[in-house]
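Presented below is the structure to which this report refers.
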Amino acid sequence: MRVVVLISGRGSNLEALLKDQQNYSISHVISNNFDAPGIKLAKQFGVTNTCIDWSDNSSAEDYLIDVINTSQTDLIVLAGFMRILSKRIVTIFHNKIINIHPSLLPKYRGLNTHQKVIDSGDELHGASVHLVDNQLDHGRILAQTQIAVNNEKNAQTLAEKLISKEHKLLTSVMGLISAKELVWDDQHLKAFGKKITKPLMIK
Ligand code: GRF
């Protein structure tokens, strides 16, 4: 399975994927940020990359479509990619784009999820991998992971506690997708050959 990863920054989820690549390979990395540390990581792992100037959304997406098609991509993974893809892109790559988001969706779409968890006094926090549609952090949730919120009063501490679980979640989901143990169409989500109605929980 050939995978293109889209990033905007640090790239720790990308790094987890680059180190994993069990039944799948990262064929290309795309960034809207020319200075993204994740681009350096791609180079270190010998993976080709493209940085796209996103000042004009429409021409950026034209280029994105070309790059993805040239890479003969089976799956597109958004890993810290800070742009909302248009309806055109999600239609062209229908059911082929997944995103990792640091919250237990449908709670806390958008930014500052860790602070929102603290402000709400939640006892649980987590991350979700979901299919991408043209709304922010929206689309069928495939899998989630949870952590307990103990005495973390600081969003950064909570983010640091969650990030290793995010990496585990994303690599586990990629393993399941590449082994065809996690499959979906417009109507159904199936895990291990059975329809499921709730996201898979990854420990
Ligand atoms: C992660 O928390 C991811 O869930 C969110 O953005 C962050 C990206 O971190 N979408 P990194 O660039 O993978 O380190």
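Indexing begins at 1, ligand by ligand and atom by atom, following the structure's order. Counting begins at 1 with the first residue of the sequence.
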Query raised in the report: So which pairs with a foot in residues 101-111 pass salt bridge (charged side-chain N to carboxylate O under 4.0 Å, His left out), sequence neighbours left out?
Result: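 Applying salt bridge (charged side-chain N to carboxylate O under 4.0 Å, His left out) to every pair that reaches into residues 101-111, excluding sequence neighbours, yields K107-D122.
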
Query raised in the report: side-chain contact (heavy atoms from CB on, under 4.5 Å) between D186 and N95: does it pass, once the steps are laid out?
Result: CA-CA 8 Å; D186 285 341; N95 276 339; 3.0 Å; yes

Query raised in the report: Closest approach of L162 and A127, non-hydrogen atoms and distance?
Result: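 Nearest pair, atom of L162 first, then A127: CD1-N, 4.2 Å.
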
Report task. Identify, chain by chain and in numerical order, each protein residue with a heavy atom under 4.0 Å from an atom of ligand 1. Result ->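 Residues R10, G11, S12, N13, G80, I100, H101, P102, E166 each place a heavy atom under 4.0 Å from ligand 1, listed by chain and number.
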
Query raised in the report: So among L131, L104, L189, L105, which one has a side-chain contact (heavy atoms from CB on, under 4.5 Å) with I141?
Result: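 Running side-chain contact (heavy atoms from CB on, under 4.5 Å) over L131, L104, L189, L105 with I141 returns exactly one hit, L105.
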
Query raised in the report: With I92, which of I65, L64, I97 fulfils side-chain contact (heavy atoms from CB on, under 4.5 Å)?
Result: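 Going through I65, L64, I97 one by one, the side-chain contact (heavy atoms from CB on, under 4.5 Å) with I92 is satisfied by I65 alone.
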
Query raised in the report: Between the main-chain N or O of L18 and the side-chain N or O of Q21, is there a donor-acceptor pair closer than 3.5 Å?
Result: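 Side chain of Q21 to backbone of L18: a pair is present.
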
